[in-house]
Student: 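Dropping a structure here in structure tokens format, bear with me for questions.
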Amino acid sequence: MASDTDTAKADPARLSAREGGGEGLGERIRRRVNRLGGSRLGGFILALNLLSLLILFGGALALNEWRRGLVEARQESLMVQAELLANLLGVAQATRGEPTPALNPTDAGLLLRDNFIPTGQRARLYDQDGLPIADSFQVSEVIPGSPLPPALPAGTPPPRPNAREKARDAERQTRAEAELAAEVQRALDGDPQAGVRLSENGDQVVSVSIPVRHVQQVLGVLTLEAGDVDEILNAQRWALFPFALVALAVSLLSSLLLHLFVARPVMRLSRAADEVRMQRARAISLPDLEDRKDEIGDLARALETMTETLSTRMDAIEGFAADVSHEIKNPLTSIRSALETLALVKTDAQREKLTALLQQDVRRLDRLITDISNASRLDAELSRERPRPIDMGELLAEVAHIYEATAKPGEAKVTLSAPPGVDGRVVGQDGPLGQVFRNLVDNAKSFSPAGATVRMTLSRDETDACPVHVRVEDDGPGIPPDNLSTVFERFYTSRPKGAAFGSNSGLGLSIVRQIVEAHGGRVWAENRLAPDGTVQGARFTVALPAAGRRG
């Protein structure tokens, strides 16, 4: 009971609030995975870049189809014209000779002049041997070619001919004449020809060649050419220009958006992290970025949470160092006082009393340093081992078996109650969880009278978010009501009168809370009350998430 205990309340300066709630890591991961497309910002960037490419390639494909359609339409138009002229040549007075008809070059040239002088087109007529007999450029006033250069001033020597250009022009003309001759020869075999080839000037022309027939006999070939293919191609290029401009604008817009919404925020986060590193700030705080709903907002919130956690850890380390310094100074001060007094005592009884006090302070200091070392390594041990499924029934059975095997006469007995139907599976680390219940049992045994019983009970409460419950009860004096919330603070001690001084450091229950909270659970203390309201002992309850529920 409270009257039977010496209570050392935790220093209020050492009381720190637990880390705030907030969104858990598992919830953030699920929200990111469930987000449409997996990445909102990444999908936006990808869509913009794909849109620019689709605009460019779509425009190019559309213009290629348009060019092909224009060329085919021109070929069909020339084919119709050529067939009409070939029919006129085959049945009109342009043919002569019986019984073997042939084309009359003079009459054929007049027929071409009177029936075919369209702008930008050329008609040529060939006999049965593929030799030219009429040309629309020769029987009309149309003069092909480019305008002459301006006249040179008087006395200016004529420019020297460029042999390379003359050779190139001769080669081009020879190749064009060979292509035309091949086309005429195929048409003399009776098959109409249509295609795009080079003219003698090096320009692309749409050409059709139609056999001229008298009844069934091939009298020659009529070739029609349209030299406006270059104009068609230039028009195609100019038509592609707006598509290229649109694609360029979309690319520039996407680059600008990437800079504004990705590059600049990342640079701001980098500068904020540098400020934290240079100790000009304890935490990153960028509210305009934290309100964003994309990955940059997630990154800003994660960095803020991380730096706040680090700041909290730093504060906790500073407080822990101050507490450790305070707790170590007490036995050191006692040891120093005893050593200073030892030289002044004169009787053996007083010397033995001081020696016993020194030994007691040394044991207390040794226990304190050991517990401080265990507490300082706890975070590293929790992060080093990967969580795995654990059956709490089996773990508690092992803990109970250890105490049963090492029990000494007069000590409190440790029992376990774990009904077979209780599902006690959790996800965690068996080593730290085993330390939780060993600390609780050791604490309960230290308060239990000789021959008493420390009871461990496993149960499950489906109404709780942490349904796996483990209770450790003792028959001791209980916990003062004012200290039910402070028993888990560092260096808190509430020992019964007459207990061995220095046998407890006040870190056992603090380690319990640290491990339980690291597993996503919670722990609390309460008194067991009899029907008449008297305290029968203390009860510590550990609540852990069930396997599959941890997030």
Side-chain angles (χ1 to χ4, degrees), residues 13-53 246-325 375-387 514 517-518 520 550-551:
R14 287 186 258 137
L15 299 180
S16 59
R18 299 183 183 179
E19 294 183 2
E23 188 180 26
L25 176 60
E27 183 62 26
R28 288 201 301 269
I29 293 176
R30 283 195 296 271
R31 179 164 56 81
R32 293 175 185 174
V33 172
N34 294 332
R35 181 176 295 163
L36 181 62
S39 172
R40 181 178 300 173
L41 187 59
F44 181 61
I45 295 171
L46 181 61
L48 282 178
N49 287 285
L50 287 180
L51 179 61
S52 63
L53 294 177
V246 173
L248 178 61
V250 173
S251 297
L252 291 176
L253 178 61
S254 64
S255 300
L256 178 62
L257 292 176
L258 282 172
H259 176 70
L260 293 178
F261 295 107
V262 178
R264 289 186 61 184
V266 171
M267 292 171 60
R268 290 182 59 192
L269 289 173
S270 176
R271 287 194 296 267
D274 288 339
E275 290 181 359
V276 173
R277 180 176 59 87
M278 300 300 294
Q279 297 182 354
R280 289 193 294 267
R282 292 295 294 269
I284 291 176
S285 180
L286 299 173
D288 56 331
L289 297 182
E290 296 160 11
D291 293 337
R292 289 177 53 166
K293 304 302 181 183
D294 52 24
E295 284 75 9
I296 297 296
D298 290 343
L299 177 61
R301 289 187 292 271
L303 287 177
E304 182 181 15
T305 303
M306 180 188 70
T307 52
E308 287 180 351
T309 303
L310 290 176
S311 178
T312 303
R313 291 282 181 88
M314 292 172 63
D315 293 338
I317 291 173
E318 292 175 357
F320 183 71
D323 293 341
V324 167
S325 175
S376 62
R377 291 198 306 265
L378 186 58
D379 281 338
E381 294 177 356
L382 289 173
S383 61
R384 188 180 302 117
E385 186 179 352
R386 294 179 61 87
Q514 187 177 356
E517 290 181 351
R550 239 182 127 212

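Every value quoted in this text rests on a predicted model; they were computed, and no experiment measured them.
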Student: Taking only residues two or more places apart in sequence, or in another chain, which ones meet R268 in a side-chain hydrogen bond (donor to acceptor under 3.5 Å, both in side chains)?
Tutor: D288
Student: Run the salt-bridge test on D274 and R271 with the 4.0 Å N-O cut-off and return the result as yes or no.
Tutor: no
Student: Hey, what do you get for CG (L299) to CE (M306), rounding to the nearest 0.5 Å?
Tutor: 9.0 Å
Student: Between atom OG of S255 and atom CG of L253, what is the distance when rounded to the nearest 0.5 Å?
Tutor: 8.5 Å
Student: Just jot down the side-chain contact (heavy atoms from CB on, under 4.5 Å) partners of L258, sequence neighbours excluded, or say none.
Tutor: I45, V262
Student: Quick one: CZ on R301 to CD1 on I296, what's the gap to the nearest 0.5 Å?
Tutor: 11.0 Å
Student: Using the side-chain contact (heavy atoms from CB on, under 4.5 Å) criterion, which residues pair with L260? Sequence neighbours excluded.
Tutor: L256, R264
Student: Do you know which two heavy atoms are closest between P265 and R292, and how far apart they sit?
Tutor: CG-NH1, 3.4 Å
Student: CD/E275 to OG/S270 distance, rounded to the nearest 0.5 angstrom?
Tutor: 10.5 Å
Student: Is there a donor-acceptor pair under 3.5 Å between the side chain of S311 and the backbone N or O of T307?
Tutor: no
